[in-house]
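To keep things clear, I will list the structure first and then write my remarks on it.
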2 protein chains.
Amino acid sequence: MAIHLKKYSQIISYGVGFAVLLIIIKWLEIRFIVINYSFEIYASAIAVLFTALGIWIALKLTRPKFKIIEKEVLVTNSIDFKFNEKAFAELGLSKRELEVLQLMANGLSNQEIAEKLFVSLNTIKTHNSRLFEKMEVKRRTQAIEQAKKMSIIS
Amino acid sequence: MAIHLKKYSQIISYGVGFAVLLIIIKWLEIRFIVINYSFEIYASAIAVLFTALGIWIALKLTRPKFKIIEKEVLVTNSIDFKFNEKAFAELGLSKRELEVLQLMANGLSNQEIAEKLFVSLNTIKTHNSRLFEKMEVKRRTQAIEQAKKMSIIS
DNA sequence: AACAAAATCATCCTAAAGTATGAATGCTTT
DNA sequence: AAAGCATTCATACTTTAGGATGATTTTGTT
């Protein structure tokens with residue numbers, strides 16, 4: 001709405017401006033006849049005035065040119081998880097240890113992990129110890145944090 | 001350098017254009033005298049020409065008139081973390097409880113959290129209990145998992 | 001001022017987690 | 001075959017976590 005009004009107002013302004021200038025021309029014409037001004041001065045006056053008018057029109061019309069720049073930020077989402085093989089290889093975790101680590105991160109207790117993997121609680125504890133040693137952490141919560149930071153688990 | 005050259009070239013162009021138009025005027029003047037054209041047509045021609053010239057000048061001079069709109073595209077990054085207020089409000093966690101939860105997720109033990117917040121170990125345990133109750137979990141690891149899923153912590 | 005949350009701390013107890021050490025088994029690799 | 005590693009399990013012990021309950025103090029709200 002506002003844009004359309006603006007467009008129309010510009011056209012109207014142009015029209016009004018043109019009308020005013022035509023009146024000035026007419027007036028100058030009369031003056032020219034009466035006091036016999038030089039034709040070049042008259043033409044120059046028109047030239048200057050309409051040049052100004054043209055500039056003004058152009059400035060009014062070429063107002064809004066938008067340049068939309070889309071700035072993208074990278075995504076680290078839990079859905080499209082990327083496994084960091086390098087980090088994993090450097091840690092030297094075994095398959096079983098990784099398995100335990102993942103279940104750990106899912107909030108399972110040692111007992112639950114043991115049941116899920118059909119091994120004893122003690123086995124899980126042993127895995128945990130090796131795990132913590134390799135990852136250089138003291139607690140399972142730290143192991144989880146580390147693992148997520150290193151992107152070796154989701 | 002390039003900018004200065006451009007400026008000068010524009011001025012030169014303007015001068016040349018003006019010269020050409022003066023020649024046209026002169027030519028028209030001759031024509032006017034010879035075949036006695038109406039003065040209004042002559043004036044109109046000048047007006048139109050110089051309006052066009054004005055527009056052209058303005059367009060050349062006001063070249064880069066872009067309105068730059070930077071549009072940042074969404075994305076949930078681990079760095080610029082978005083706090084999920086709705087989920088948090090529904091849980092009804094207090095400020096302190098949230099604080100404890102965050103430190104918990106950073107792998108700190110209850111003792112370490114207590115020291116960091118200058119309260120006793122028992123206080124942290126009490127917070128934990130309420131926390132687990134509200135989040136409907138049994139262990140801190142589950143609380144961390146839940147909280148991350150619900151995006152109430154990073 | 002009165003009331004409701006929130007935050008604090010304690011004590012007692014149980015459960016889970018973590019450490020240390022040793023050992024048996026199976027599977028590769030040399 | 002021997003050495004190395006992963007996996008398994010056990011026992012004993014320490015530390016941390018968690019549950020239940022009660023109480024005091026702060027703080028914000030009406």
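Proteins come first, then strands; the chains are lettered A, B, ... in the order of their sequence lines, and each starts at number 1.
Both F88(A) and V137(A) are members of a single hydrophobic cluster when ILVMFWY side chains are connected at heavy-atom separations under 4.5 Å.
Residue R96(B) places none of its side-chain N or O atoms closer than 4.0 Å to OP1 or OP2 of dA7(C). Distances shown here put a side-chain N or O of H127(B) below 4.0 Å from the OP1 or OP2 atom of dT8(C). Regarding contacts with the backbone of dA16(C), every side-chain N or O of R139(B) stays at 4.0 angstrom or more from both OP1 and OP2. Close to dG18(D), at under 4.0 Å from its OP1 or OP2, lies no side-chain N or O of S129(B). Proximity of N110(B) to the phosphate of dA17(D): a side-chain N or O atom is located under 4.0 Å from OP1 or OP2. Between T126(B) and dC9(C) there is no side-chain polar atom (N or O) within less than 4.0 angstrom of OP1 or OP2.
Heavy atoms of S120(B) sit under 4.0 angstrom from primed sugar atoms or phosphate atoms, though from no base atom. At the heavy-atom level, S109(B) lies under 4.0 Å from the strands shown only through sugar-phosphate atoms.
Distances were taken from every side-chain heavy atom of T123(A) (C-beta onward) to each of dG18(C), dC9(D), dT8(C); the shortest belongs to dC9(D). Of the candidate nucleotides dT11(D), dT11(C), dG18(C), dG18(C) has the atom nearest to the side chain of F132(A).
Computed from coordinates, the E115(B) CD to dT8(C) C1' distance equals 17 Å when rounded to whole Å. Per the geometry, CG belonging to N122(B) stands 14 Å off P belonging to dT16(D), to the nearest Å. Between K134(B) atom NZ and dG18(D) atom C1' the separation is 17 Å, expressed in whole Å. If you measure from atom CD of Q111(B) to atom P of dG18(C), you get 16 Å, rounded to the nearest angstrom. Between the CZ atom of R130(B) and the P atom of dA6(C) there is a distance of 9 Å, rounded to whole Å. Rounded to an integer number of Å, the gap from E97(A) CD to dA6(D) P is 7 Å. For the pair I113(A) CD1 and dT8(D) P, the computed distance is 13 Å after rounding to whole Å. One atom, CG of N128(A), and another, C1' of dT15(D), lie 15 Å apart when rounded to the nearest Å.
Between the side chain of S94(A) and the base of dC5(D) there is no donor-acceptor pair of N/O atoms closer than 3.5 Å.
Using a cut-off of 4.0 Å between Lys/Arg side-chain N and Asp/Glu carboxylate O, K138(B) and E112(A) are scored as not salt-bridged. Using a 4.0 Å cut-off between charged nitrogen and carboxylate oxygen, E99(B) and R96(B) count as a salt-bridge pair.
H127(B) places none of its side-chain heavy atoms less than 4.5 Å from the side chain of I113(B).
The side chain to side chain donor-acceptor pair (under 3.5 Å) test applied to E115(A) returns Q111(A), not counting sequence neighbours.
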